[in-house]
Amino acid sequence: MKLSTRLKQIEQMVPTGYDHVWDCCCDHGLIGAALLSRQAADNVHFVDIVPDLMNTVEKNLQRFYPEDKWEVHCLDVAKLPLKQYEGKHLVIIAGVGGDLMCELVEGIYQNDQSADIDFLLCPVNNTYMLRQKLIEHQFGLKHEILIEDNRRFYEILHVSSHMDENSPINEVGCKIWHSDTNEQADIVTRYIDKTLSHYRRLQRGNADNIEAIIERYSAVTG
């Protein structure tokens, strides 16, 4: 199956050098399969909590990637068995909301706070909340990208559980607002307009702590 713009961008942001890459909430396993095709990691793990889905993924892997190193795990992503595997880990989580993604990252992090784990995260909403959670745990930013796919906007964050030589994470993003082309500049403009409109609607509904968020996003355009 052909990767969507979003999934292709996530896959392309996975550098080589990881011992284990975990394709979480993997649905049909498209990202992990693409990683196997280009031998991006020594081992690729496919994770989802839906048994029927994972059975299908495993059958496809047995058919198309019989010689590659992969494992299928039917479990809660928050309970990844990272301690059972030595080496450098990259955990990919996409296709879920920012609130659930916060819970999953929190669960993985709390299981082993001393571990050196990288995450590649692409929430479908509530990215501001996710960024706050990452800042709370002093995660470091490796890279971030803003894309548009099928008329929806997505922020993709490549972060580390340790600051080291990485950059601090900004609550509203930093690199995502930079554009090298007219097309990307248009995406940035429309995304900030949509985001501000969203939070202003929440503000009219008397939601708490919205004014500060609006000020931070407004500063991007200032």
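Worth saying up front: this structure is predicted, and the values here are computed from it rather than measured.
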**Fill in**
OG1 of Thr5 to NZ of Lys2, rounded to nearest 0.5 Å, is 8.0 Å
**Asked** With a 4.5 Å limit on heavy-atom distance, are the side chains of Asn166 and Val159 in contact?
**Response** no
**Request:** Could you pull out all residues at least two apart from His162 that satisfy side-chain contact (heavy atoms from CB on, under 4.5 Å)?
**Result:** Asp116, Ser160, Asp164
**Asked** Once you round to the nearest 0.5 Å, how far does CD1 of Ile145 lie from CD1 of Ile187?
**Response** 11.0 Å
**Side chain proximity check, Arg38 to Glu11, heavy atoms < 4.5 angstrom** = yes
**Item:** Rounded distance [0.5 Å steps], CG in Asn209 versus CD1 in Ile214
**Value:** 11.5 Å
**Asked** Under the side-chain contact (heavy atoms from CB on, under 4.5 Å) criterion, do Val72 and Asn55 qualify, and how do the steps go?
**Response** CA-CA 9 Å; Val72 172; Asn55 288 335; over 6 Å; no
Which donor-acceptor pairs under 3.5 Å do side chains of residues 122-129 form with protein atoms, sequence neighbours excluded?
from: Asn125; atom 1: OD1; to: Gly98; atom 2: N; distance (Å): 3.2
from: Tyr128; atom 1: OH; to: Glu171; atom 2: OE1; distance (Å): 3.4
from: Tyr128; atom 1: OH; to: Arg216; atom 2: NH1; distance (Å): 2.9

**Message:** Distance check, rounded to the nearest 0.5 Å: Cys24 atom SG versus Met101 atom CE?
**Reply:** 10.0 Å
**Asked** Taking only residues at least two apart or on different chains, which pairs with a member in residues 59-69 satisfy side chain to side chain donor-acceptor pair (under 3.5 Å)?
**Response** Ser37-Tyr65
**Prompt:** How about Gln39: does its CD atom have over 12 heavy atoms from other parts shown lying under 6.0 Å from it?
**Reply:** no
**Fill in**
The complete set of salt bridge (Lys or Arg N to Asp or Glu O under 4.0 Å) pairs with one or both residues in residues 124-139, sequence neighbours excluded, reads Glu106-Lys133, Arg131-Glu144, Arg131-Glu155, Lys133-Glu136
**Request:** Go through the steps to decide whether Ile176 and Val188 satisfy the test side-chain contact (heavy atoms from CB on, under 4.5 Å), and finish with yes or no.
**Result:** CA-CA 8 Å; Ile176 62 171; Val188 167; over 6 Å; no
**Message:** Could you see if Leu130 belongs to whatever hydrophobic cluster contains Phe153? Use Ile, Leu, Val, Met, Phe, Trp, Tyr and a side-chain cutoff under 4.5 Å.
**Reply:** no
**Complete:** Of all heavy-atom pairs linking Ile10 and Leu120, the shortest is O-CD2, 3.3 Å
**Item:** Nearest heavy-atom neighbours spanning Cys25 and Ala94
**Value:** CB-O, 3.8 Å
**Message:** Could you work out, with side-chain contact (heavy atoms from CB on, under 4.5 Å) as the rule, every residue matching Leu100, not counting sequence neighbours?
**Reply:** Val96, Glu103, Leu104
**Message:** How long is the straight-line distance from CG of Leu141 back to CG of Asn170, given to the nearest 0.5 Å?
**Reply:** 9.5 Å
**Prompt:** Side-chain contact, heavy-atom cut-off 4.5 Å: Arg6 with Ile147?
**Reply:** yes
**Message:** Using the side-chain contact (heavy atoms from CB on, under 4.5 Å) criterion, which residues pair with Thr195? Sequence neighbours excluded.
**Reply:** Tyr191, Tyr199, Tyr217
Just distance, no hydrogens or angles: give the donor-acceptor pairs under 3.5 Å from side chains in residues 75-84, sequence neighbours left out.
from: Asp76; atom 1: OD1; to: Ala78; atom 2: N; distance (Å): 3.0
from: Lys83; atom 1: NZ; to: Asn111; atom 2: O; distance (Å): 3.0

**Message:** Run Ser218 and Leu196 through side-chain contact (heavy atoms from CB on, under 4.5 Å) and show every step you take.
**Reply:** CA-CA 7 Å; Ser218 296; Leu196 283 169; 3.6 Å; yes
**Cluster overlap Val14 with Leu61, hydrophobic side-chain contacts below 4.5 Å** = yes
**Item:** Under the ring pair (Phe, Tyr, Trp, His ring centres under 6.0 Å) test, residues paired with Phe139 that sit two or more places apart
**Value:** Tyr109, Phe119
**Request:** Could you check if a side-chain atom of Leu30 sits within less than 4.5 angstrom of a side-chain atom of Lys8, using non-hydrogen atoms only?
**Result:** no
**Request:** Could you check Asp118 against Ser161 for side-chain contact (heavy atoms from CB on, under 4.5 Å), going step by step and ending with a plain yes or no?
**Result:** CA-CA 6 Å; Asp118 289 350; Ser161 58; 5.7 Å; no
**Asked** Hey, does the side chain of Trp177 reach the backbone of Val172 with a donor-acceptor pair shorter than 3.5 angstrom?
**Response** yes
**Prompt:** Under a 4.5 Å side-chain heavy-atom rule over Ile, Leu, Val, Met, Phe, Trp and Tyr, are Phe46 and Val21 clustered together?
**Reply:** yes
**Fill in**
Output for pair (Ile92 CD1, Ile156 CD1), nearest 0.5 Å, gives 10.5 Å
**Request:** Output every pair passing salt bridge (Lys or Arg N to Asp or Glu O under 4.0 Å) with a member in residues 173-187, not counting sequence neighbours, ordered by first then second residue.
**Result:** Asp186-Arg190
**Asked** Are side-chain heavy atoms of Leu157 and Lys142 found at a separation under 4.5 Å?
**Response** no
**hydrophobic_cluster_shared for Tyr18 and Leu36, side chain cutoff 4.5 Å** = yes
**Message:** Taking transitive links into account, so neighbours of neighbours count too, which hydrophobic residues share a cluster with Ile49 at under 4.5 Å side-chain distance?
**Reply:** Val50, Leu53
**Fill in**
Residues at least two apart in sequence or cross-chain that pass side-chain contact (heavy atoms from CB on, under 4.5 Å) with Thr189, listed by chain then number, are Asp193
**Message:** Does Lys88, at its NZ atom, have more than 12 non-hydrogen atoms belonging to other residues, nucleotides or ligands within less than 6.0 Å?
**Reply:** yes
**Fill in**
Tyr85 meets the ring pair (Phe, Tyr, Trp, His ring centres under 6.0 Å) criterion, sequence neighbours left out, with His20, Trp22, His45
**Message:** For Glu165, I'd like to know if atom CD has over 12 heavy atoms of other residues, nucleotides or ligands within 6.0 Å.
**Reply:** no
**Asked** What pair of heavy atoms forms the shortest contact from Phe64 to Pro66, and how long is it?
**Response** C-CD, 3.3 Å
**Request:** Identify whether Ile117 and Leu134 are in the same connected component of the hydrophobic contact network (ILVMFWY, side-chain heavy atoms under 4.5 Å).
**Result:** yes
